[in-house]
Amino acid sequence: MHEEEIRALAKAAGADKIGFADLSSYEDEFGISRRLLEEYPRAISIGVVLPPEVIDTIGPDGPSPAYARCYRRTNALLDRVARLVASFCSSRGYRALAVPASRIADWERQLGLISHKAVAVLAGLGWMGKSLLVVTPDHGPRVRFATVLTDMPLEVGEPMRSRCGPCRACVEACPAGAIRDVGFDLRPRSRDDVFDYRACLEKLVEFARRPGIGELICGICIKACPYGSGRGRDAAP
Ligand code: SF4
Ligand code: SF4
């Protein structure tokens, strides 16, 4: 009943994608405490598409200052939309907690309060790629997400099966060798089996020190993905 109002509100505020997730199958491994899951059985996934002209500025050796600026702008936009959506849920008498696009709650394991990507997958907005990015059918992994946790009784989306197939574009492009070419599907494996997040983080720290970057960003595996690149699905080997 409230889904269409939330969609309209979020889109008017600048979001490109909205989905609704049932958190009952959310894996603990991706952050969030059991207590929060009891309080908030549903989540609203909010996505903003990264402009292709900015993705084009990412090189094979790392991110560009233009991408760093876009990352900050996109996070600010997502956080604004998430706060608006959370206020809407509260105004209708439900609990709501806006989780910002980029805030680490557990530095040791590199996890946020909740994984925006796991929520987006549960909401049916895309699948978990081999790169552990959410790959959307139309914009590939060129989408950033924020989340609103709520107890509003929303009609939820269906998780999508992986369409990575034999593609290895992100595996080959990653300068840290962090993507293990194992793949994820609806039943997630352990994150460590799929992805070496320590190797990835080391690379992000190296990039963050470069002039004009100052963020833990990379973008190489985003750019490498054939989905949403304009090269089309057939570009996947
Ligand atoms: S963000 Fe960069 S270092 Fe990390 S997995 Fe992707 S390509 Fe590799
Ligand atoms: S580059 Fe290929 S393997 Fe990697 S996430 Fe995209 S489709 Fe999947």
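When a ligand or atom number is given, it counts from 1 through the structure's own listing order. One is the number of the first residue; the rest follow in order along the sequence.
Ligand 2 places these atoms under 4.0 Å from at least one heavy atom of Gly129: 5 (S). Atoms of ligand 2 lying under 4.0 Å from any heavy atom of Ser131, numbered from 1 in the order shown and given with element: 5 (S). Close approach of ligand 2 to Val135 is summarised as follows: ligand atoms under 4.0 Å from at least one heavy atom of the residue are 5 (S). Atom numbering of ligand 1 starts at 1 in the shown order; those under 4.0 Å from a heavy atom of Ile220 are 7 (S). Every atom of ligand 2 is numbered from 1 in the order shown, and the set under 4.0 Å from a heavy atom of Cys167 is 1 (S), 2 (Fe), 3 (S), 7 (S). Ligand 2 places these atoms under 4.0 Å from at least one heavy atom of Cys225: 1 (S), 6 (Fe), 7 (S). Each of the following atoms of ligand 2 lies closer than 4.0 Å to a heavy atom of Ala169: 1 (S).
The protein non-hydrogen atom at the shortest distance from atom 7 (S) of ligand 1 is Cys221 N, 3.4 Å. Cys200 SG, 2.4 Å is the protein heavy atom nearest to atom 4 (Fe) of ligand 1. Ranking the protein heavy atoms by distance from atom 1 (S) of ligand 1 puts Cys218 CB, 3.4 Å first.
Rounding to the nearest 0.5 Å gives a distance of 10.5 Å between CG of Leu122 and CD of Glu158. The NE2 atom of His139 sits 13.0 Å away from atom SG of Cys225, with the distance rounded to the nearest 0.5 Å.
Residues Cys70 and Thr57 have side chains not in contact (no heavy-atom distance under 4.5 Å, counting atoms from C-beta outward).
Inclusion of Cys174 in the first shell of atom 2 (Fe) of ligand 1 is not supported: no N, O or S atom falls under 2.8 Å.
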